[in-house]
Amino acid sequence: MLLDSSLVEIVLFSMAVLVSSVASERVALAAALMMSFLPVARAELPLFGSTVGLRPEDVMIGILAIRAVVSRLLGRSVRRRNSFLTSYAGLVAVCALSFLWVGVAWASGASQGAPPTLYFAQKMIGSSVLLWVTWEVCRTWDALMWSVGAAIVGGLIMFGLVFFSPEGHQTSASESAEYYSEMYQAKFQNVGHLTQWNPNVIGMSFGMLLIVTAGALALRPSTRYRLLLSAAGAIFTYGLARSYTRTAMFAVAAAAVYVLFRFAHLGYAKRGALTLLVLGLCAGSLAIYTVDANAFHFDLGADMNTGSRLAVWCTGFDLLLTHPVGLGVGRAEQVVAETMLFDSAHNDWLDYGLELGVCESLYAFWTFWRLYGQCRAATRVPGVMVACILGEALMVFFFVGSLALQVFTFQKQVFVGIAILVCFVHLAADMPLRRPRSTMNLGLFGVMPPMHPHPGIGQDDWPRGPLPKCAVPGIRQTAKELACHG
C-alpha cells in the first residue's frame with residue numbers, strides 16, 4: 001500500500017464516517033468521488049472463505065445511501081425517473097439473480113468446486129450504489145458542479161501519487177512487471193488488486209477526466225476557472241500519454257474524431273450516420289491489435305502485445321460459443337482463469353456474455369446505448385449543445401475502451417463519469433442554463449457559478465401544474481419535483 005500504516009487507515013476510515021455523516025450531502029459526495037481515484041487505504045474483510053476489499057469511499061457512499069433512503073422515506077426528496085437508470089436497474093437485477101443462483105447451486109452441492117468469486121458482484125454493488133447516490137444528491141447544478149470539480153481534483157491528486165513517488169523521483173505507470181505477477185495471483189484467489197495502480201485504470205481515468213474537463217470548459221465558467229481547467233486538461237493529457245495504455249489513447253482519439261464530425265455537421269447529423277460512425281470507430285479500435293506494437297519499440301506493458309490480447313478474445317469467444325446462456329456471475333471468472341492467464345476476456349460484451357449469456361450481453365449494450373441516445377437528444381436544449389456533444393464523445397470513449405478493457409463491467413472510476421453524465425443530461429433537459437450577471441461564490445470544488453433553473457423564471461415563480469414532456473426521451477419531471485430543487 002502507499003501508506004502501509006494501521007493508524008493511517010484507522011484515521012482515514014474514521015474521517016470517512018465523520019464526513020459522510022455530518023457534512024452536507026453534496027460535500028460528502030464530492031469527497032467520496034474524489035477518494036474514488038485515490039486507493040490509499042484498503043481493509044480486507046473475510047466473507048465466505050475469501051475476502052472483500054473495503055475502501056474509505058465505499059464507507060462514505062454506503063452512509064450517503066442510508067441518508068438518501070431516509071430522506072426518501074421522510075418525503076424530503078421527490079422521486080425522479082430516467083429511462084437509462086430503469087434499464088440499468090434491470091441489468092443489475094439480472095446480475096444479482098445470476099450470482100444468487102450460482103451461490104445457491106454451490107451451497108446445495110449441485111455445483112462442484114470452490115465457492116463463487118465475489119469480485120464481479122462487489123464491483124457491481126459498489127458502482128451501482130455510487131451511481132444511485134450521485135443521482136439522488138445531484139438535484140441542482142450547484143451540487144453537480146461540486147461533483148465534477150471533486151472528480152477533477154481527485155484525478156490531479158492521483159496524477160501526483162502515480163508519477164511522483166514520496167521519495168521525490170518520477171515513476172512510470174508502464175513499469176508494471178511486479179504489478180502483473182501479483183495481480184494474477186490476487187484475482188485468482190479472489191483478493192482483488194494487491195497493488196494500487198493498474199496502468200489500464202490510470203489510462204481510462206485520465207482519458208475520461210480529460211473529456212469531463214473539456215465538458216466543464218464548454219459550460220463557459222469564469223476566466224479564472226477556465227485557466228485552471230485548461231491546466232488540468234493538459235495534466236490529464238500528459239498522464240494519459242505516460243500511462244502507455246494504447247486502448248485509452250485510441251479511445252480519446254476516436255472521441256476527438258467524433259466531436260469534429262459532430263461540429264462539422266453543426267450538431268444535426270442524421271442518427272444513422274452517427275450510429276455508423278460510432279460502430280466504425282469501435283471496429284477501428286480492434287485494428288490496433290493486428291499490428292505488433294513491439295516492432296515499433298513501444299513500452300506497452302507485458303500483456304499488451306498483439307498475440308496475447310487476440311488470444312484472450314478468441315478463447316473468450318470459444319467459451320461463449322460453448323456456454324451461450326452464460327456461466328453465472330461468480331463462476332465465469334473461475335472458468336476463464338482456468339482457461340487463460342486472465343480472469344476476464346478483456347472485452348465487456350464478451351464478459352457480459354460469459355457471465356449472463358448472449359441475450360443479456362445484448363441487453364447490456366442496449367442499456368448503455370440509451371445513455372448515448374439521451375446525450376444525443378439533449379443537444380436540442382439551448383446553451384448546452386457543445387457540452388452534450390462532449391457527453392456523446394464520453395460515451396464513444398467508453399464504447400471504444402470497452403472492446404479491449406473492463407469499462408462497463410462496473411469499473412468504479414468509469415461509473416463516476418457515467419453518474420456525472422446521467423445527472424448532467426437530466427438537469428440540462430429539465431433545467432436549462434441561465435448564467436447570472438454577477439459572479440457568485442463558487443465554493444471549493446465548483447467550476448462555474450450557480451444557475452437558476454429556467455431562463456427568466458424565478459424560483460418562486462415556477463409553474464405549479466405538470467410541465468410539458470421533456471425534449472429528452474426517458475426524462476420527465478413534475479413541478480413538485482422542481483420545487484424541491486430549491
Side-chain angles (χ1 to χ4, degrees), residues 82-102 120-121 123-124 127-128 131 247 251 254 258 271-286 289 309-310 312-333 335-336 339 342-377 392 394-411 414-415 417-418 421-422 425 473-474:
N82 184 282
S83 61
F84 163 74
L85 292 179
T86 302
S87 302
Y88 177 78
L91 177 62
V92 172
V94 171
C95 293
L97 290 175
S98 176
F99 181 76
L100 181 62
W101 172 74
V102 172
F120 189 91
K123 291 197 306 177
M124 178 193 70
S127 299
S128 301
L131 176 60
T247 300
Y258 179 87
R271 180 181 302 178
L274 285 178
T275 301
L276 291 176
L277 177 64
V278 174
L279 296 179
L281 291 173
C282 292
S285 66
L286 300 177
Y289 292 99
R309 189 57 61 92
L310 291 179
V312 169
W313 290 339
C314 292
T315 303
F317 187 73
D318 291 339
L319 283 174
L320 184 60
L321 292 179
T322 307
H323 305 278
V325 296
L327 294 163
V329 173
R331 187 66 67 197
E333 299 95 323
V335 176
V336 173
T339 308
F342 304 93
D343 69 343
S344 165
H346 279 72
N347 181 294
D348 278 348
W349 318 115
L350 278 178
D351 283 335
Y352 273 121
L354 293 173
E355 299 278 356
L356 306 172
V358 176
C359 295
E360 287 78 4
S361 179
L362 295 175
Y363 176 77
F365 180 85
W366 176 76
T367 295
F368 291 104
W369 187 266
R370 297 195 73 174
L371 181 55
Y372 166 80
Q374 288 186 2
C375 296
R376 177 87 174 93
E392 296 175 34
L394 182 61
M395 291 303 298
V396 171
F397 171 79
F398 288 151
F399 277 119
V400 172
S402 68
L403 297 178
L405 297 174
Q406 292 177 303
V407 177
F408 290 121
T409 47
F410 310 109
Q411 184 65 45
V414 169
F415 269 73
I418 292 177
L421 185 59
V422 172
V425 171

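Below, each value reflects all heavy atoms present in this structure, side chains not excepted, and no hydrogens, waters or symmetry copies.
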TODO: Evaluate the criterion side-chain contact (heavy atoms from CB on, under 4.5 Å) for residue pair Leu319 and Leu350; output intermediate values, then yes/no.
DONE: CA-CA 9 Å; Leu319 283 174; Leu350 278 178; over 6 Å; no

Open item on the list: Set out, in order, the CA-CA distance, both residues' side-chain angles and the distance that settles side-chain contact (heavy atoms from CB on, under 4.5 Å) for Thr367 and Tyr363, then state yes or no.
Closed with: CA-CA 6 Å; Thr367 295; Tyr363 176 77; 3.6 Å; yes

Task: Worked check of side-chain contact (heavy atoms from CB on, under 4.5 Å) between Phe408 and Ile418 - done: CA-CA 9 Å; Phe408 290 121; Ile418 292 177; 4.0 Å; yes

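A donor-acceptor pair under 3.5 Å links the side-chain atoms of Asp348 to the main chain of Val407, judged by distance alone. For Tyr258 (side chain) and Leu394 (main-chain N/O), no donor-acceptor pair under 3.5 Å exists by modelled atom type. Remark: side-chain polar atoms of Trp313 are paired, donor with acceptor, to backbone N or O of His346 under 3.5 angstrom.
With sequence neighbours excluded, no residue forms a side chain to side chain donor-acceptor pair (under 3.5 Å) with Ser361. Shown here are the side chain to side chain donor-acceptor pair (under 3.5 Å) partners of Ser127, two or more places apart in sequence or in another chain: there are none.
Between Arg331 and Leu327, the shortest heavy-atom contact is CB-O, 3.5 Å.
Here the OG1-CZ distance, from Thr86 to Phe84, works out to 10.0 Å after rounding to the nearest 0.5 Å. Remark: Gln374 CD to Met395 CE distance equals 10.0 Å, nearest 0.5 Å. Here the OH-CZ distance, from Tyr372 to Phe398, works out to 15.0 Å after rounding to the nearest 0.5 Å. Atom CG in Leu371 sits 10.5 Å away from atom CD in Glu392 (nearest 0.5 Å). Cys95 SG to Lys123 NZ: the interatomic distance, rounded to the nearest 0.5 Å, is 11.0 Å. Going from atom OH of Tyr352 over to atom CG of Leu320 covers 14.5 Å, rounded to the nearest 0.5 Å.
Between Val336 and Ser344, the closest side-chain pair of non-hydrogen atoms is not below 4.5 Å. Side-chain atoms of Leu356 and Leu91, non-hydrogen and from C-beta on, do get closer than 4.5 Å to each other. Residues Val329 and Val102 fail the side-chain proximity criterion, which asks for heavy atoms closer than 4.5 Å. Between Leu403 and Trp349, the closest side-chain pair of non-hydrogen atoms falls below 4.5 Å. Side-chain contact between His323 and Leu354 is absent, with no heavy atoms from C-beta onward closer than 4.5 Å.
No side-chain N or O of Glu355 forms a donor-acceptor pair with one of Ser98 less than 3.5 Å apart.
Ring planes of Phe415 and Phe368: perpendicular class, angle over 60° (limits at 30 and 60°).
For Phe365 and Phe399, the ring centers sit closer than 6.0 Å to each other.
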